[in-house]
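Encoded as structure tokens, the structure appears first; notes follow it.
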Amino acid sequence: METEKKLIVDGVRVDGRKWDELRDIKMKVGVLKNPVGSASIEWGKNKVIAGVYGPREVIPKFEEDSTKAILKCEYNMAPFSVEDRKRPGPDRRSVEISKVITEALSSVVLLEEFPNTQINVYIEILRADAGTRIAGITAASLALADAGVPMKDLVAGCTSGKVNGEIVLDLCKEEDNYGDCDLPVAIIPKNKEIVLLQMDGILTKEEFNKAFDLVVDGAMNVYEMQKKALYEKYKNKDV
Ligand code: UDP
């Protein structure tokens, strides 16, 4: 079903972008003093910060695994991050997003190297404008790298979808709310393995293939930005 609301006029989207254009993205690594690793991302109007603790003692102790570390990712939206104040604390949506991010990052972190420990990743959404789970996982993987946690690679993500019947990259909030479908995806860039893929809406097979190729290209661009952000922090340090 296609929406009535006109979100693309003469090939120009509500925020002035072309169909295959990302929003402006700024990333910074090592932005907090207290966690071992941290990163912030401004992705369009989204503002996200992530902090990592560990590997450290497992609490509660019965969760300990003698074969590997346990990774716990918590995604949280600040009450002031959305237009209508969000009720503080976890809800169904944040529990689901925390779970899919934990599963995605567990594919890259070398958990076997740290048995009997836990690694905590906290993702705080300060301002939300669609695509926050992807901005969150992108920031989280940078924060893990900043913490020096061994990983196979970073995880990079992006979103594509269908708006007014057209396949577009990186949906903003209006496109997410009134569009036909959104497809958030996160990959391990070095082999393009998919570690997160969700789809809200309906696409034909051809549309899915186009949206998928587009989102993987988007994620590869995000990966280049992640590497630059890490390089910016460490270029002048003896590591
Ligand atoms: N949103 C909101 N209130 C909520 C949840 C979401 O206003 O309780 C908005 C917010 O801008 C979010 C967007 O809806 O970024 C899309 O939410 P979705 O669940 O699709 O996740 P996201 O695209 O942020 O990963």
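Note that ligands are numbered from 1 as they come in the structure, with each ligand's atoms numbered from 1 the same way. Residue numbers count from 1 along this sequence.
Between the side chain of T117 and the backbone N or O of A69, no donor-acceptor pair lies under 3.5 Å. Put simply, the side chain of Q226 gets close to the backbone of V155: a donor and an acceptor are under 3.5 Å apart. Side-chain N or O atoms of N164 include one that pairs as donor or acceptor with a backbone N or O of L7 at under 3.5 Å.
When hydrogens are left out, the protein atom nearest atom 4 (C) of ligand 1 is M77 SD, 4.2 Å; that is the closest non-hydrogen contact. Closest protein heavy atom to atom 10 (C) of ligand 1: A128 CB, 3.7 Å. Looking only at heavy atoms of the protein, atom 15 (O) of ligand 1 is closest to A130 N, 2.7 Å. Atom 20 (O) of ligand 1 has D176 OD2, 3.5 Å as its closest protein atom, hydrogens excluded (heavy atom only). Here the heavy atom of the protein found nearest to atom 23 (O) of ligand 1 is G131 N, 2.7 Å.
Under 4.0 Å is where a charged nitrogen must lie from a carboxylate oxygen, and between R13 and E166 no such pair does. In summary, E103 and K99 engage in a salt bridge, as defined by a charged side-chain N under 4.0 Å from a carboxylate O. Ion pairing between a basic and an acidic side chain is recognised when a charged N comes within 4.0 Å of a carboxylate O; R93 and E96 show no such pairing. Taking 4.0 Å as the cut-off between side-chain N and carboxylate O, D15 and R17 count as a salt-bridged pair.
Taking every non-hydrogen atom of K173 and a distance limit under 4.0 Å, the qualifying atoms of ligand 1 come out as 7 (O), 9 (C), 11 (O). Interface of D129 with ligand 1, defined as ligand atoms under 4.0 Å from a residue heavy atom, comprises 11 (O), 15 (O).
Looking at E83, E174, K47, K45 one by one, the single match for side chain to side chain contact (heavy atoms under 4.5 Å, CB included) with D129 turns out to be K45.
Polar contact check, V82 against ligand 1: no nitrogen or oxygen pair lies under 3.5 Å apart. Between D182 and ligand 1, no pair of N/O atoms sits closer than 3.5 Å. Checked by distance only, ligand 1 and I97 stay at 3.5 Å or farther apart across all their nitrogen or oxygen atoms. Remark: ligand 1 and Y75 share no N or O pair separated by less than 3.5 Å (distance only, no angle test). At least one N or O atom of T132, backbone or side chain, sits closer than 3.5 Å to an N or O atom of ligand 1.
No side-chain N or O of E74 forms a donor-acceptor pair with one of N76 less than 3.5 Å apart.
Open room surrounds NZ on K28; 12 or fewer heavy atoms of other groups in view lie less than 6.0 Å from it.
The part of R93 lying near ligand 1 is the side chain, judged by heavy-atom distances below 4.0 Å. The proximity of R133 to ligand 1, defined as any non-hydrogen pair under 4.0 Å, involves the side chain as well as the backbone.
Within the 4.0 Å heavy-atom shell around ligand 1 one does not find P184.
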